[in-house]
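The structure appears right after this line, and notes come after that.
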Amino acid sequence: MFRAQKKRVLERTTFGHEVEREQAYPDRLNMYLVPPLAEITLDQFEEWAVDRLRVLGEIETCVFRNIKAKQMEQSVRPLMEKYLPLSPNSTSGGGNKDMQLEEERKKDHYSHFILRLAFCRSEDLRRRFVKAETLLFRIRYLSVDPSERQALLRKYDFGWTPVSDEERDDLLPNLIFASENSSAPFEKTVKSESYFKVPFERVPELIETRRVYMKAGVAYVPSSLQLSLILSEFSAKLERALEITARALPRLDEDDRLVPILNHLSKGFVAPEYVPEGGDHGDGVKAWQVDSLVEHMPLCMRTMHQALRRDQHLRYYGRQQYGLFLKGIGLSVEEALTFWRKSFAKTTDDKFTKEYRYNIRHNYGLEGNRKNYRPMGCQQILSDAAPGPNDHHGCPYRYFSEDNLVASLEGIGIQDRSVLKQVKDDVKAKQYHVACTRVFEASHRTLHGVKSLIGTGVGMESITHPNLYFDRSLQMAKEAEKIEQASDEHAAAAATIAA
Amino acid sequence: MPSFKTDDLSQCRDPTEASSPQSQSSVVQQFDGNIQTSSSPTPVAVKEDDMFGDEDDDDFEAAADALESKSSSAPSSSAPMVAPISTPPSKTAGLDASDMPIFYQRLMPFKEIFQWLNHFPSPTTSFTNREFAFTLQNDAYLRYQSFPTSDAFKKEVNRLLPSRFEIGPVYSANPRDRKIVRKTAFRPLEKELVFDIDMTDYDDVRTCCKGTDICSKCWNFITVAIRVIDQALREDFGFQHVLWVYSGRRGAHAWVCDKRARTLDDSKRRAVASYFEVLKGGAQSSKRVNLKRPLHPFVARSLNILRDSFKDTILIGQDPWRTQESAEKLLSLLPDRELNDALRKKWASSGDRSSLQKWADIDALAEQGVSRTLDPTHLLEAKQDVILEYLYPRLDAEVSKHLNHLLKSPFCVHPGTGRVCVPINGERPETFDPMDVPTAGMLTAEINEWDMVHKTLDSPEREKLSDYEKTSLKPYVEYFHRFVSGLMKEEMKQKRQREAESSGSLDF
């Protein structure tokens, strides 16, 4: 027994004897299940990783700009061709071409695994890496030939059971009603479609949106939705692998050549997210000043503020969203406690201390796991818990009915028909941040008499964070004041000269 | 306005004398067969502590990162101390705190709860690494409690006499060791998939009661919700072990106990919760139902269930559109302007028409052809949307989405009402009436009465009977017992299968 153990140890350390260090890459699409084993130079290590990072970074930027997966390809393709090209087998003609093909795929393979090392270390990095890699895989999968897709399906066994024609015909009405396409000839499509049976756990995103028929825990997935299956398989496998890598990573620490590179890489993958500085407004904001600052707040925060003033209460998610926003504009924890205590006028001190105080302090990192929470960005507000019947949180552009939205906008002084129409169009196109930016521009044109934002030194990028809206609005107000002062002085100077 | 909270005021005594540690222990000491209850109960006015009908009522918000104990003094050692009780507990207004020792000692089915969470006769990690959270009578909140056996659990509950306790996930390590083990080694592994339906979420379509009040009219909302969710859990998701529990006041919880449900991770829980989400949007979105047509089979089937009780529950029970003003809400949900104008005119002229009549008027006028622009399909779909908007289950989805969300245990006593959180038969939810649910005080009295009547019985005769069998809690405990047996049988079967498979592969 001892001998057997020893042998196993030996095998582990040498990876056995017959391991082939150089792998062949017959296909373009790679699920990255097998790590690379050959040696590469340190320069390659860094260069390949950085090149892949450029592509992933662009993908993340698209996500933040709320660009749909379908349009993403356009923005990413140039970078992909430059930094991470993958040519199809058809371009091979022997000799040099073949070498190039192998080289491209090798780079793709190695760079993926290098970045795994860099991005496995925190949950946040893992999540973002999986998301970007999955989107990259999606773009590639859609751009390859059908024969290459088939090859991928053959190569990796996904464990899907095909549905027999009889079973499909038995379930036909249900399959039709569950299908996405509700136009007239859809019956025909369903009849000719091939279906797979998959345990529902494997296709959560299809369940979530009710895009498939469900029976006894089995989802009936049409082959047209296969992509979603493959992607969830891809991201699930990658997620698991990253966790394993994260656990193994401490053992890598002895290698002082790689660690600095890896650290550097993970820092390079910084989300283009707005980070409010907080407390940047002089001595911070006092609780009593909040009401006077409402005019600088975006519609979502105004809505919650008004609801809070009207009901003298705000439900959990509203408190979270608004509370963190206030933290972002510079309310200290003491001022926050004062603000909420006063706002919850109907609540007894006892109840307030018991039920609300903890959560406020928690947001400031003073309770629980002591994490210092950041104000939520638009992305988070849009993707987090949707508001229920008595809630006031969430993005108003997304959740308000058209009439209520128009009424609210008119309430904050947007009267211009053409602007309102444009906002409605933005909302219909689900471009909520564009709508918000438009409202910002419109309201600040009228509010401060500033003709255009250009020249005020305030950036023109779109609103991606409620605090960005606020900070920019406040900054503009100051600029406008300065201009006014300057022109007053100018006028005064002119007056004195004239006199 | 019928409210059942006032009914059990007779059970209330002055809360100031109710729960000092001394009085608790004295009750425990007195307990040896004869229970002393106060012979002259002094009713106290129940002050509604829940002024806002908030979401914070039934379960503590344990969002993913608010994992730490609320009470900074909560000790992490195996022997938490009871903090000295200085203020009279406000939450126990509907409940006499001195009933709690008797309830925990003699009525709470600890063995069944243990088996329910453990799935096997002897303790496994499903129980020993399971988190319990106690809310003490001074409102201190103790998280990360865990117990090696059912007896240890019972003993601790009897020592601390929590006003309620909640059940959390099974962790990869013992929750009491969470500060010792590495952070990554302590993560939630499994928990029953849970659902929470609360009457507060129906406030905008409820006319009979407000806030924390309920009556049998509005309980129909919950009944219908149970029917819709239960059926989908069984037919669509193939779950078999679905336990419905009355939340003690104005809602119901579902615990899906199948192994497959217990092991779902957060993203899958979110998927299931969203599958059930039909109403979308907050207070400001006028139309909350936006569905593709034809309806998904699940929505179509749910709609059929809702349609059956729409007339009784909404049109007659709630009568939401009786006034001219409230009828505008209905009109805003209908698609055709000309038809709306005709309806408005008719309702204005004919005075007081009930919602039932108004609902019928829609089709009647449509058939008369008052509108040339009317599209009958649109009208039909709009009417379907109205039914969904008013009656489709409103789930607190966040409770279902997180593996580490805590939920109040079955058979706890609701601190506000004193009622026991008893199981509801999911196959026949219409037989359940929250007004029939016994309170802890009633049950104590029932035990005493039984003991008085059967004083003459020999002691072996008397000991044959469990205490719960002497009370109106009996059918609920028996139902729970059957549920747990079914679940355990299934688990044993699966375990044998797994063992057979693994031993088979060894032989091979």
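Lettering of chains follows the sequences in order, A, B, ..., and the numbering in each one begins at 1. Computation of the quantities below employed the complete heavy-atom set of this structure, encompassing side-chain atoms and omitting hydrogens, waters and symmetry-equivalent molecules.
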Looking at [X], I'd like to know if its [atom1] atom is crowded, meaning that more than 12 non-hydrogen atoms belonging to other residues, nucleotides or ligands lie closer than 6.0 Å.
{"X": "Arg337(B)", "atom1": "CZ", "result": "no"}
{"X": "Lys131(A)", "atom1": "NZ", "result": "no"}
{"X": "Glu123(A)", "atom1": "CD", "result": "no"}

Which answer fits [X], side chain, backbone, both or neither, if we ask what part of it has an atom under 4.5 Å from a heavy atom of chain A?
{"X": "Arg394(B)", "answer": "side chain"}
{"X": "Leu291(B)", "answer": "side chain"}
{"X": "Glu277(B)", "answer": "backbone"}
{"X": "Val205(B)", "answer": "neither"}
{"X": "Asp204(B)", "answer": "side chain"}
{"X": "Leu264(B)", "answer": "side chain"}

Filtered by a 4.5 Å non-hydrogen cutoff, the part of residues 208-217 of chain A contacting chain B is Glu208(A), Arg210(A), Val212(A), Tyr213(A), Met214(A), Lys215(A), Ala216(A), Gly217(A)
Output the distance between atom CG (Asn390(A)) and atom CG (Asp203(B)), rounded to the nearest 0.5 Å.
6.0 Å
Just how far is it from atom CZ of Arg301(B) to atom CZ of Phe177(A), taken to the nearest 0.5 Å?
14.0 Å
Which pair of non-hydrogen atoms, one from Pro204(A) and one from Ala271(B), has the smallest distance, and what is that distance?
O-CB, 3.2 Å
On a heavy-atom basis, which atom in Glu201(A) and which in Lys268(B) lie closest, and how many Å separate them?
O-CE, 2.9 Å
I want to check something: taking the side chain as every heavy atom from C-beta on, are Ile207(A) and Phe237(B) in contact at a cut-off of under 4.5 Å?
yes
Option in [options] with maximal non-hydrogen atom pairs under 4.5 Å from chain A:
{"options": "Arg234(B), Arg270(B), Arg260(B)", "result": "Arg260(B)"}
{"options": "Phe239(B), Phe276(B), Tyr275(B), Phe298(B)", "result": "Tyr275(B)"}
{"options": "Leu295(B), Thr263(B), Val272(B)", "result": "Leu295(B)"}

Looking at Asp201(B) and Arg315(A), is any side-chain nitrogen of the basic one under 4.0 Å from a carboxylate oxygen of the acidic one?
yes
Going by distance alone, is a donor N or O of one side chain under 3.5 Å from an acceptor N or O of the other, for Glu398(B) and Tyr317(A)?
yes
Side chain from CB out, backbone as N, CA, C, O: work out which of these in Pro173(A) comes under 4.5 Å of a heavy atom of chain B, or both, or neither.
neither
Test of understanding: with side chain to side chain donor-acceptor pair (under 3.5 Å), list the residues that count as partners of Arg182(B), not counting sequence neighbours.
Thr184(B)
Select, from Gly394(A), Ala246(A), Ala178(A), Pro199(A), the one with the greatest count of heavy-atom pairs under 4.5 Å involving chain B.
Ala178(A)
